[in-house]
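One structure is given below, encoded as structure tokens.
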Amino acid sequence: MRLQGKVAIITGAANGMGAAEARLFAKEGGKVVATDLNEEKLNEVVADVKEAGGEITGIKQNVASEDEWKAVVAKTVELYGKVDVLVNNAGVAMSKNFATMEMDEWNWVMDINLNGCVLGMKYTIPEMQKVGGGSVINISSIGGIVGMAGSSPYTAAKGALRSLSKSAAVEYGKDKIRVNSVHPGIIVTPMTAPSMEDAMPYYKMHTQLPYFGDPEDVAHGVVFLASEESRFMTGAELVIDGGWTAL
């Protein structure tokens with residue numbers, strides 16, 4: 001098993017990519033702490049993983065809360081003794097541009113998509129230092145690499161997360177802590193579903209493969225970055241986008 005003995009915190013694990021990551025991590029032998037605000041859906045994922053023989057704990061969490069991050073990390077260490085992997089997966093999408101958005105909408109997106117990741121790193125990296133290394137995987141987006149109309153707050157947060165990952169990789173490489181970002185393209189999830197019908201021609205025009213991605217396509221990449229198979233990768237961008245950024 002590729003993650004045998006590793007302890008991982010995965011945020012936004014109630015649906016979509018986070019749920020797929022939690023399931024695959026556990027299948028590969030990892031001990032998973034899965035968090036989300038949607039406790040009902042999170043409990044369903046936890047039950048599925050346990051039924052399949054995996055080891056997982058679910059915790060309700062608002063990733064924008066510093067106190068809740070402290071509690072999640074403390075609980076993880078209490079249960080499993082360490083933290084090896086952090087997957088900053090939780091995120092929100094909002095179709096707004098600079099002319100139509102309100103500043104509280106901007107701050108909401110930044111709090112979850114960027115500041116929540118900062119807090120996760122702030123409180124897990126010291127635990128990784130204690131055990132001599134670890135892997136941080138920040139789920140960014142192709143919106144962090146290329147411009148996307150009507151998504152200014154989202155792309156700004158994802159672009160900042162991309163740069164933050166590189167800086168953290170440089171800062172903590174000496175501690176054998178690897179920090180990489182993942183950049184999914186159009187992945188069919190509950191978060192993207194509302195925009196799929198209206199934006200379908202735009203999505204199809206930019207995606208070079210004749211199909212969109214599934215959450216499992218991203219989960220396999222995240223498992224790779226969490227495993228020792230990627231031991232010489234840090235500060236890198238893993239793009240899983242069906243060819244969007246090849247244009």
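Looking at Lys82 and Lys31, their side chains never come closer than 4.5 Å, going by heavy atoms from C-beta outward. Contact of the Asn113 side chain with the Val92 side chain is registered, since non-hydrogen atoms from C-beta on lie closer than 4.5 Å. In this structure, the side chains of Tyr123 and Lys70 come closer than 4.5 Å at one or more pairs of heavy atoms. With a 4.5 Å cut-off on side-chain heavy atoms, Met233 and Phe224 count as touching. Side-chain contact check for Asn180 versus Ile137: every heavy-atom pair is 4.5 Å or farther apart. Between Val33 and Lys75 the shortest side-chain heavy-atom distance does not fall below 4.5 Å. With contacts defined as side-chain heavy-atom distances shorter than 4.5 Å, the pair Ile142/Met148 qualifies. A heavy-atom distance below 4.5 Å is not found between the side chains of Phe232 and Arg178.
Here the straight-line distance linking atom OG of Ser181 with atom CG of Leu164 works out to 9.5 Å at 0.5 Å rounding. With rounding to the nearest 0.5 angstrom, the CD atom of Glu21 is 10.0 Å from the CD atom of Glu216. For the atom pair Lys6 NZ and Phe25 CZ, the distance stands at 10.0 Å (nearest 0.5 Å). One distance of note links CG of Leu161 with CG of Asn138; it measures 4.5 Å at 0.5 Å rounding. Between atom CD1 of residue Ile139 and atom CG of residue Leu238 there is a gap of 9.0 Å, rounded to the nearest 0.5 Å. Distance check, rounded to the nearest 0.5 Å: CD1 of Ile59 to OG1 of Thr11 gives 12.0 Å.
Linking ILVMFWY residues whenever their side-chain heavy atoms come closer than 4.5 Å, directly or via other members, leaves Tyr80 and Val32 in distinct clusters. Under a hydrophobic clustering in which Ile, Leu, Val, Met, Phe, Trp and Tyr are joined whenever their side-chain heavy atoms come within less than 4.5 Å, directly or via other members, Leu24 and Ile56 fall into the same cluster. Cluster annotation: Ile9 is connected to Leu79 through the hydrophobic network of ILVMFWY side chains, with a link wherever side-chain heavy atoms come within less than 4.5 Å. Using a 4.5 Å cut-off between side-chain heavy atoms of Ile, Leu, Val, Met, Phe, Trp and Tyr, with links allowed through other members, Val182 and Val223 fall into the same hydrophobic cluster. In the hydrophobic clustering of this structure, Tyr203 groups with Val239; members are Ile, Leu, Val, Met, Phe, Trp, Tyr whose side-chain heavy atoms approach within less than 4.5 Å, directly or through other members.
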**Message:** Assess the residue pair Glu127 and Thr76 against the criterion (side-chain contact (heavy atoms from CB on, under 4.5 Å)); give the C-alpha distance rounded to whole Å, side-chain angles, the decisive distance to 0.1 Å, and a yes or no.
**Reply:** CA-CA 10 Å; Glu127 296 300 327; Thr76 302; over 6 Å; no
**Asked** Between Asn107 and Asp111, is a side chain to side chain donor-acceptor pair (under 3.5 Å) present by the stated rule, with each step listed?
**Response** CA-CA 6 Å; Asn107 291 332; Asp111 278 345; over 6 Å; no
**Asked** Can you check side-chain contact (heavy atoms from CB on, under 4.5 Å) on Trp108 and Met101, steps first, answer last?
**Response** CA-CA 11 Å; Trp108 174 66; Met101 72 177 187; over 6 Å; no
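Relative ring orientation between His206 and Trp244 is described as parallel, the plane-to-plane angle staying below 30° on a 0-90° scale split at 30° and 60°.
Cys117 pairs in a side-chain contact (heavy atoms from CB on, under 4.5 Å) with only one of the listed residues (Ile112, Val136, Asn88), which is Asn88. Each of Leu247, Thr245, Asp241 was compared with Gln208 under the side-chain contact (heavy atoms from CB on, under 4.5 Å) criterion, and only Leu247 meets it.
In this structure a side-chain-to-backbone donor-acceptor pair under 3.5 Å is present from Ser230 to Ser227. Asp84 places no side-chain N or O within donor-acceptor distance of the main-chain N or O of Ala8, the cut-off being under 3.5 Å. The backbone N or O of Leu3 lies less than 3.5 Å from no partner atom in the side chain of Glu28, so there is not a single donor-acceptor pair. Of the possible polar contacts, one joining the Thr155 side chain to the Ser152 backbone as a donor-acceptor pair under 3.5 Å is found. With Asn115 contributing its side chain and Ala64 its backbone, the two residues share no donor-acceptor pair below 3.5 Å. Checking side-chain atoms of Thr100 against main-chain N and O of Lys96 turns up no donor-acceptor pair under 3.5 Å.
Counting only residues at least two apart or on different chains, the salt bridge (Lys or Arg N to Asp or Glu O under 4.0 Å) pairs with a member in residues 156-175 are Arg162-Glu237, Lys166-Glu237. Note on residues 34-46: pairs passing salt bridge (Lys or Arg N to Asp or Glu O under 4.0 Å), not counting sequence neighbours, are Lys41-Glu44.
Listed by chain and residue number, nothing satisfies the ring-ring contact (aromatic ring centres under 6.0 Å, His included) test with Trp69 (two or more places apart in sequence, or in another chain).
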